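Computed over heavy atoms, backbone and side chain alike; hydrogens, waters and symmetry mates excluded. Below, read A as the first sequence line, B as the second, and so on, with proteins coming before strands; counting in each chain starts at 1. Predicted model, so just to flag it, every value in this text is computed and none were measured.
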Amino acid sequence: MYKYKILAYKLLNEFEFINNYMGGFFLDTRISEITNILPQHILSEFIQNSITFEDLREIRIRIGQPVIIRLKFKEILLKKCIVTKEDMNEFLEMVTNHSIYAYEEDITNGFITVFGGHRIGLAGKVIYEDNNIKNVKYISFANIRISHQIRGCANNVFSFIHSNENIDNTLIISSPGIGKTTLLRDLIRLISNGNEYYSGKTVGVVDERSELGACFLGRPQNDLGIRTDVLDCCHKSEGMIMLLRSMTPEVIAVDEIATKEDIISLTSVINCGLSVVATAHAKDFNDLKEKILFKELIQEKIFKKVIILRKNEVGNIVNEMVVNE
Amino acid sequence: MSIFKILIMLVLFFSFLIIGENINNNRKKRIKEIKAFLIGIINLGNEIRYHNALLSEGFLAISKKIREPEVAEFFCELANQINLQNTNEFYSIWGDLSNSYQNILHLNKEDWDILNTLCINLGNLDIKSQLDNIDLCKEELLNLLDNTSKNINKQCKFVRTISVFCGLFICIIIA
């Protein structure tokens, strides 16, 4: 039976419009972004579980182990589906579109971004050359992280970061995994598109780890708005200056400010009259003030607005907005 | 001698001439196709070197740069097959396609062998090794082209002479 299902998946991929026309009657279209890269052996098991894209969070593939699918609220273990070396090779062929050489740099960084903005983390034996990672061989572990853009999650902070028509320098902070990047992504979209109260602005995004735009073949897979230029896989410190020179943005957005070089570039960009929206790791505002890297920035009031994300008692994510005065 | 006999003699004579020309055309076509593949492979190397292009992008780009329609179509089809997210390895995609083009293209076993050797590792190596492989294949194709082009005129003349003589011989027998 599942052979027919596989055939149906492939046909639907070819004739996506039919599925869209029928309101996703057969399957939600975006799940094919994942099924297209799964090896045949895993795909047949995957389909049997009737998983929807909305629920899907992660797929873990490890040689010699069963496939683990992490959904929104539960985890599915495909006990019958033990991953073989051939499966992994097939998977890599699919993910790299039969051109593994073109992803050399991505592999050394540990991840590949595929169509749809999904990120595939890879692990194996690391090969060094002159103290630099040259390649990763015997890739035996893969983690498909499903990209879910949450449109509208920054609606309530959008007006907060504005002073009249201008955007204040804003820092989004939280502990890891709370959703800084997701919030920043939506904020970029809103700033770029504008709304009935605020006009859209040209945004330059330095996307060092391809997390904001999730670029695939140079095109952002996430909606970052109509006035956004993305510098993909570029170091933040260099990227900010490059964007400033080349794309004349009004706002620059960067994810995870973490080094001294980032701060130096950020300060020069701000001194040139541009607004910056960035994220950083910190538990709360006090924690941020204590960090050596940000101490001066906060004291000098370079960042006028700070958005703090945290989980409340129930586990929901709430944001606290602080004006740095 | 009846007119019918003369007609048959003429038909046979011209048939031999046409067969000879056909053989010559196929040889010339083969050289053109080897040239086209050579250009394609050089361009593929450039696409990989300069754009870090995926194989499918590379093949599609070179299909637009090649004048020989059959070879251009071959590369275009190859790019399509790769893009179809075929679960097979690249080499088997190449193998399937080259088998189906055996009758369309005029390449012989020696030519296919050179191309097949390149394609065994295409896509599986790092950029440097990939380019080295492409350079090696380029050299081999150049040598092949050199050797084939040197003798092509002599061979064509030989085939044409043989076809004329065969035609005349048959005519003499019939007469």
Side-chain angles (χ1 to χ4, degrees), chain A residues 3 6-7 9-16 32-44 46 84-108 112-116 127 129 132-137 139 216-219 232-233, chain B residues 40-41 43-63 74-98 115-116 118-137:
Chain A
K3 275 185 185 171
I6 293 171
L7 191 67
Y9 266 74
K10 289 201 167 172
L11 279 173
L12 280 173
N13 191 32
E14 292 281 316
F15 304 103
E16 210 174 277
S32 59
E33 292 166 6
I34 308 301
T35 53
N36 275 344
I37 54 169
L38 287 179
Q40 215 67 352
H41 169 216
I42 299 172
L43 177 62
S44 51
F46 180 86
T84 62
K85 195 169 173 262
E86 287 69 35
D87 288 332
M88 188 57 85
N89 288 343
E90 193 182 323
F91 175 67
L92 286 174
E93 287 261 338
M94 307 273 276
V95 165
T96 59
N97 204 7
H98 305 278
S99 313
I100 209 154
Y101 63 88
Y103 291 91
E104 250 177 61
E105 210 180 312
D106 293 358
I107 291 172
T108 53
I112 292 173
T113 307
V114 293
F115 179 71
I127 303 167
E129 193 180 72
N132 292 320
I133 297 175
K134 188 192 169 198
N135 201 355
V136 182
K137 68 173 183 177
I139 295 173
F216 174 69
L217 304 179
R219 271 170 288 174
D232 191 33
C233 294
Chain B
I41 279 158
N43 278 314
L44 179 68
N46 295 342
E47 288 289 329
I48 291 173
R49 195 176 284 121
Y50 189 63
H51 291 125
N52 196 18
L54 303 176
L55 284 183
S56 56
E57 291 175 331
F59 285 127
L60 196 64
I62 60 180
S63 73
F74 176 83
F75 281 125
C76 187
E77 186 58 30
L78 191 59
N80 287 339
Q81 288 294 328
I82 297 171
N83 275 337
L84 276 175
Q85 294 284 353
N86 203 319
T87 54
N88 294 330
E89 287 179 356
F90 170 72
Y91 186 60
S92 33
I93 299 174
W94 167 272
D96 291 345
L97 197 68
S98 57
L115 295 170
N116 289 342
L118 167 74
C119 291
I120 287 174
N121 286 322
L122 212 56
N124 294 327
L125 301 166
D126 64 328
I127 290 187
K128 193 183 168 297
S129 322
Q130 185 107 332
L131 292 173
D132 288 348
N133 250 1
I134 287 174
D135 286 343
L136 185 73
C137 177

Can you tell me how far the [atom1] atom of [X] sits from the [atom2] atom of [Y], to the nearest 0.5 Å?
X        : Y        : atom1 : atom2 : result
A/Asn89  : B/Glu89  : CG    : CD    : 7.5 Å
A/His98  : B/Ile82  : NE2   : CD1   : 6.5 Å
A/Asn36  : B/Leu84  : CG    : CG    : 10.0 Å
A/Tyr101 : B/Asn121 : OH    : CG    : 13.0 Å

What pair of heavy atoms forms the shortest contact from B/Leu54 to A/Ala102, and how long is it?
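Looks like CD2-CB, 3.5 Å.
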Would you find more than 12 non-hydrogen atoms of other residues, nucleotides or ligands less than 6.0 Å from A/Phe216 atom CZ?
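More than 12 within 6.0 Å, yes.
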A/Tyr103 versus chain B, the contacting section by heavy-atom distance below 4.5 Å
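Contact with chain B: side chain only.
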Heavy-atom distance under 4.5 Å to chain B: side chain of A/Leu217, backbone, both or neither?
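Side chain only.
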When only pairs under 4.5 Å are counted, which of A/Glu105, A/Lys134, A/Glu104 shares the most heavy-atom pairs with chain B?
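Going by pairs under 4.5 Å, I would pick A/Glu104.
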